[in-house]
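Input: a single structure, listed below in structure tokens.
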Amino acid sequence: MDELLSKLAAWKPFRALVLGDFMLDQLVYGDAERLSADAPVPILDVRKQEDRPGGAANLCLDLVAMRARVRAVGVTGADAESKLLREALAASGVEADALVADAARPTTVKRSLVGLAQARHPQKMFRVDIESREPVGPSVERLLIDAVEREIAEADVLVIEDYGKGVCSERVCQGAIDAARAAKIPVVVDPAGHADYERYRRATVITPNRTEAERATGLRTHERGDAEHNAELAHALLGPLDLDAVVLTLDRDGALLLQRAGQPVVVPTIAREVYDVTGAGDMMTAALAAARANACAWRDAVEFANAAAGLEVEQFGVVPIPLERIHAELIQRRRAERDPITPTEVLLVEIAALRAAGKKIVFTNGCFDILHAGHTSLLERAAALGDHLVVGLNSDASVGRLKGDGRPVNTQNDRAAVLAALRAVDAVTLFEQDTPLELIEKLAPDVLVKGADYRGREVVGREIVEARGGRVELIELVPGRSTSATIDAMRQP
């Protein structure tokens, strides 16, 4: 059984406390079709503006998308932008009443000008930052530590999201880590790019990228992403900072995981069409925290986080990726990696995830001994009736009992490999019995498909499917196409 998919199928809502630099992302959209008359710069004819939570606030939204109840601890200004940020967080279900309003500093605002020209995709043209990087004062530090101490007992994980804006001082970080350790709550840290990492001492895990880790340790590494060339960086952080683990992100090379008393492991990612890397680091940290809050093993947690960050870079702008989409992505990876026959117990885990995402499961079955146009027509039309088509395949022994001597012509592994290669088929699983009744009872599909030659005959599993609100569909067959006819034709001189 795949442990990660099992954890995802049994995923539980959790409580996350997020401490860090809260920002407001403003996206100003417009048409950029002409240049200014007084300077060679593009003019943006503004059409709309969007206000979104950014920085640690964006990480909160990522956690909400993974079914977390999130409480925010940080600092804003006492200005109009603070009101917009708090309203945006509240609208997304994030508890923001522990944010401290500091009139001595502005709310951090990242204002991006986004142009559209000649009907192409939106392109970020320029960004304006309104912020202060001055450290918060001692009284504000005390308020932040008090908030963490007050809330930590109710949390499953503490996330420190440091963007270097003066909030995550050593006093604040160490006070928060002390409180979390006392409560036996894990601490996940996304470190600032130019920070003294001593402030993160005794956290559970930190997630720097390779460049940040080089800067923090003073070490230089090879550009390759294998363990040999990057383990030195992770070791230089793990021991001196008294961490349980380091997750070093390596862009297209995935991530390197080093646990205390463990060997470095590179967890690969999938090459993607990168559209916008904005928010990928937040997503990686949020997903790692979510997985650990759900008791996923370290390697599984990193794989989950890699998948989430990979989906993020395919989006324009910062878009939280729902748990169900990450789960579906991992299911597809497993399908590409494994044998064409999916064990039924693994398939049950996958179906649970798909159902949680609102997907409709379609089932059909057969011997599929020699694949022909009649088969492909039925499978394509069956797939169109739902979101995920499962094919129950008779085992070799079952085919022999049903069809007699000389059958099957092709083994169950070969038949499964051909079926799994079809675009319409999402999973192939085997059954040993003469009928798929037991398999249908386990899978409980939403749609049961058979050929129209079953009209007026008993359809095995009909009662099971209809009893839970599903339906049976009989699909017209392609005339003159059958396995028996194909074999007869091959035997003719």
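If you read the sequence from its start, that first residue is 1, and numbering goes on from there.
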Practice item. Could you tell me which residues satisfy side chain to side chain contact (heavy atoms under 4.5 Å, CB included) with D387, sequence neighbours excluded, listed by chain and number? Key: K359, K360
**Study point:** Heavy-atom pair with the smallest gap, counting every atom of A179 and E149
**Key:** CB-CG, 3.9 Å
Practice item. Mind jotting down which residue pairs meet the salt bridge (Lys or Arg N to Asp or Glu O under 4.0 Å) criterion with at least one end in residues 370-385? Sequence neighbours excluded, please. Key: none
Study note, to complete from the structure: R292 meets the side chain to side chain contact (heavy atoms under 4.5 Å, CB included) criterion, sequence neighbours left out, with W298, A301
Exercise for review: Give the minimum heavy-atom separation between L258 and Q263, together with the two atoms involved.
Suggested key: CD1-C, 4.0 Å
Exercise for review: Not counting sequence neighbours, list each pair that qualifies as a side chain to side chain donor-acceptor pair (under 3.5 Å) and has a residue in residues 459-471.
Suggested key: D446-R468, R462-E466, R471-E473
Exercise for review: Take H375 and L422 through the side chain to side chain contact (heavy atoms under 4.5 Å, CB included) test and state the conclusion after the steps.
Suggested key: CA-CA 11 Å; H375 288 141; L422 297 177; over 6 Å; no
Check your understanding: Does the side chain to side chain contact (heavy atoms under 4.5 Å, CB included) test come out yes or no for D282 and E161, once each step is laid out?
Key -> CA-CA 8 Å; D282 293 346; E161 181 78 346; 2.3 Å; yes
Review point. Under a 4.0 Å N-O cut-off, is there an ion pair linking R260 with D244?
Key: yes
**Study point:** Nearest non-hydrogen partners of F431 and L439, listed with the distance
**Key:** CD2-CD2, 4.0 Å
Practice item. Mark yes or no for whether D396, through its side chain, and P408, through its backbone, hold a donor-acceptor pair below 3.5 Å. Key: no
Practice item. Output, in order, the C-alpha distance, side-chain angles, deciding distance and verdict of side chain to side chain contact (heavy atoms under 4.5 Å, CB included) for T204 and R181. Key: CA-CA 9 Å; T204 306; R181 282 204 168 249; 5.6 Å; no
Point to revise | Ionic contact status for R67 with E324, cut-off 4.0 Å | key: yes
Practice item. With sequence neighbours excluded, tell me which residues meet ring-ring contact (aromatic ring centres under 6.0 Å, His included) with W11. Key: F304
Check your understanding: Looking only at atom types and distance, does a side-chain atom of S398 sit under 3.5 Å from a main-chain N or O of Q433, one as donor and one as acceptor?
Key -> yes
Point to revise | Heavy-atom side-chain proximity of D190 to V159 below 4.5 angstrom | key: no
Revision key, fill the gap. Nearest heavy-atom approach of G54 to D25 is CA-OD2, 3.4 Å
Check your understanding: Mind checking what makes side chain to side chain contact (heavy atoms under 4.5 Å, CB included) contact with A182, not counting sequence neighbours?
Key -> none
Exercise for review: Kindly give the heavy-atom pair with the smallest separation between C168 and L19, and that separation in Å.
Suggested key: SG-O, 4.5 Å
Review point. Between K450 and E458, is there a side-chain N and carboxylate O pair less than 4.0 Å apart?
Key: no
Review point. Any ion pair linking R71 and D97 (charged N to carboxylate O, less than 4.0 Å)?
Key: yes
Point to revise | Carboxylate-amine/guanidinium proximity below 4.0 Å for R407 and D369 | key: yes
Exercise for review: Could you pull out the closest heavy-atom pair between L348 and K442, with the gap in Å?
Suggested key: CD2-O, 3.4 Å
Exercise for review: State whether R325 and E329 are salt-bridged, where the test is any N-O pair (Lys NZ or Arg NE/NH1/NH2 against Asp/Glu carboxylate O) under 4.0 Å.
Suggested key: no
Review point. F363 and side-chain contact (heavy atoms from CB on, under 4.5 Å): which partner among V449, I351, L448?
Key: L448
Exercise for review: List the steps and the verdict of side chain to side chain donor-acceptor pair (under 3.5 Å) for Q412 and S395.
Suggested key: CA-CA 6 Å; Q412 60 194 32; S395 70; 4.6 Å; no
